[in-house]
Amino acid sequence: MADVDRNIEELKSKVKEFCEDRDWDQYHSAKDLSIGLSTEAAELLEIFRFRSEAEEAEVLQKSRVEISEELADCLFFILRFAQKYNFDLDESFQNKMKKNAERYTVEKAKGSNEKL
Ligand SMILES: [Mg+2]
């Protein structure tokens, strides 16, 4: 299966079942899931620590499995948070992208990484 074959609800169900089988509800407060997400994002960042921009392509190639696992760890916490606290991720994403498009119009933001 690939991204194109899955939907978010299926992934949420998988995460829910995984956590319920292990009785992890008790550990998954909104605060602790947020800490988990932040920790996993930091683990992804660590892969690139002390690597120059010139080394990026090499890191992406050599650490592909590790990067894939950290992305999955981040996704796990996003899915778990959304599943447990009833957020519709597609709706959240679509709404936020709409806000981003309004804030970062092509006219203002094209070719610029300036925060608006
Ligand atoms: Mg990790």
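Positions are given from 1 along the sequence. Being a predicted model, the structure only gives us computed values, none of them experimental. Atom set for the values below is all heavy atoms of this structure, side chains included, hydrogens, waters and symmetry mates excluded. Order of listing sets the numbers, starting from 1, for every ligand and every atom in it.
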Answer key: the N, O or S atom of Glu43 nearest to the Mg ion (ligand 1) is OE1
Answer key: the N, O or S atom of Glu40 nearest to the Mg ion (ligand 1) is OE1
*asked:* Between Lys115 and Tyr104, does the side-chain contact (heavy atoms from CB on, under 4.5 Å) criterion hold? Intermediate values first, please.
replied: CA-CA 9 Å; Lys115 191 170 173 70; Tyr104 297 97; 3.7 Å; yes
Below 30° counts as parallel, above 60° as perpendicular, anything between as tilted: where do the rings of His28 and Trp24 land?
perpendicular
| What about Leu60 and Ile47, same hydrophobic cluster or not, with Ile/Leu/Val/Met/Phe/Trp/Tyr joined at side-chain heavy-atom distances under 4.5 Å? | yes
Output for pair (Ser34 OG, Phe77 CZ), nearest 0.5 Å, gives 10.0 Å
Atom name of the N, O or S atom of Asp73 nearest to the Mg ion (ligand 1) is OD2
To the Mg ion (ligand 1), the closest N, O or S atom belonging to Glu70 is OE1
